[in-house]
Asker: 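Mind having a look at this structure? Questions to follow.
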Amino acid sequence: MTTIMATDFSRNISRWLDRLEHGGEEFVIVRNRHAVARLVPGAPEVRALDAFSDLLGVLPDKEGDVWIKDMRRFDRPAAQELNDPWA
């Protein structure tokens, strides 16, 4: 884990955030010789399709087909409701 002085962090915040986001590094920010914060990478983005694709591999084919039909049936009203700001 890398230690960063608060002044260096504030002057180069973009560089440090890039290292955090793309390099997955963790940092400790120090001010007046005391650790004041620890920066860790955020959770990776996961699309719903990716998350549920694992579920389909576990379900028996018949149950998977039923699940897909249910999701499609319930998805349409929800999508219409989300698109209509006055609903």
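If you're wondering where the values come from, they're calculated on a predicted model, not measured in any experiment. Along the sequence shown, residues are numbered consecutively beginning with 1.
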Asker: Is the shortest side-chain heavy-atom distance between P41 and E26 below 4.5 Å?
Answerer: yes

Asker: Linking Ile, Leu, Val, Met, Phe, Trp and Tyr through side-chain heavy atoms less than 4.5 Å apart, which residues share a cluster with F9?
Answerer: I4, I13, W16, L17, L20, F27, I29, V36, L39

Asker: For R15, which residues count as a salt bridge (Lys or Arg N to Asp or Glu O under 4.0 Å) partner, sequence neighbours excluded?
Answerer: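 With sequence neighbours excluded, R15 shows a salt bridge (Lys or Arg N to Asp or Glu O under 4.0 Å) to D8, given in chain and number order.
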
Asker: For R33, what residues pass the salt bridge (Lys or Arg N to Asp or Glu O under 4.0 Å) criterion, not counting sequence neighbours?
Answerer: none

Asker: V28: which residues meet the side chain to side chain contact (heavy atoms under 4.5 Å, CB included) condition with it, sequence neighbours left out?
Answerer: M1, V30, A35, R38

Asker: List the residues meeting side chain to side chain donor-acceptor pair (under 3.5 Å) with D18, not counting sequence neighbours, and say none if there are none.
Answerer: none

Asker: Under the side chain to side chain donor-acceptor pair (under 3.5 Å) test, which residues partner E25, sequence neighbours left out?
Answerer: R19

